[in-house]
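Beneath this line is the structure, given in C-alpha cells, with notes to follow.
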Amino acid sequence: MTRNRRTAYGAGRLVDNCRHHAGWTRTAAGEERCGRCGTRRFPDYASLRPPGLPHAVTPSPGARRAADREAARRVAAAMRRGMAAAGSTV
C-alpha cells in the first residue's frame with residue numbers, strides 16, 4: 001500500500017511534501033528539476049542573484065536614539081491602556 005504524501009497546501013492546491021532527496025536534474029534551459037516530485041528551480045536566474053553583496057544600512061546615533069524613545073513611548077502608552085482596561089488607577 002502506498003501512502004499519499006500530499007500534506008501541504010501551496011498556492012491554493014495540495015502539493016507533495018518532498019524533501020528533494022532524489023537529486024536535481026539540470027536541463028538545457030537552465031532549470032533544475034527534482035527527480036521525485038518534479039519541482040523546478042532556476043539557480044542561474046539573474047534577477048534573483050544581483051551582482052555584489054547588499055549594502056548594510058546603519059542608522060545614525062541620533063536616529064537610533066529617536067527610535068528607542070519612540071519605542072519606549074509606545075510601550076508606555078500600551079501599558080497605560082492595559083492598566084486602564086484592567087481598572088487600575090495607578
Side-chain angles (χ1 to χ4, degrees):
M1 180 168 115
T2 60
R3 194 173 95 174
N4 186 352
R5 298 188 65 166
R6 293 176 184 247
T7 59
Y9 284 94
R13 67 187 193 288
L14 203 57
V15 295
D16 284 330
N17 184 14
C18 179
R19 295 190 179 172
H20 314 301
H21 292 301
W24 296 92
T25 305
R26 190 163 181 91
T27 66
E31 74 179 26
E32 294 178 351
R33 285 186 178 259
C34 174
R36 182 185 166 276
C37 70
T39 295
R40 300 181 315 164
R41 68 180 184 183
F42 302 89
D44 296 332
Y45 188 55
S47 293
L48 297 177
R49 299 189 187 272
L53 296 173
H55 298 291
V57 176
T58 305
S60 68
R64 286 194 302 255
R65 280 191 298 277
D68 285 344
R69 284 193 302 273
E70 179 63 17
R73 187 189 67 76
R74 289 180 183 217
V75 167
M79 293 297 293
R80 282 192 299 273
R81 281 194 303 273
M83 289 178 156
S88 175
T89 59
V90 176

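Atoms considered below: every heavy atom in the structure, side chains included; atoms not considered: hydrogens, waters and symmetry mates.
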Output all residues satisfying side chain to side chain donor-acceptor pair (under 3.5 Å) with R41, sequence neighbours left out; order by chain, then residue number.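 Per chain and number, R41 pairs via side chain to side chain donor-acceptor pair (under 3.5 Å) with E32.
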Measuring from atom CZ of R40 to atom OG1 of T25, what distance do you get when rounded to the nearest 0.5 angstrom?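 Answer for the CZ-OG1 pair, R40 versus T25, is 14.0 Å.
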Return yes if some donor-acceptor pair links the side-chain N/O of R36 with the main-chain N/O of H21 below 3.5 Å, else return no.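 The answer is no, because no donor-acceptor pair under 3.5 Å joins these two groups.
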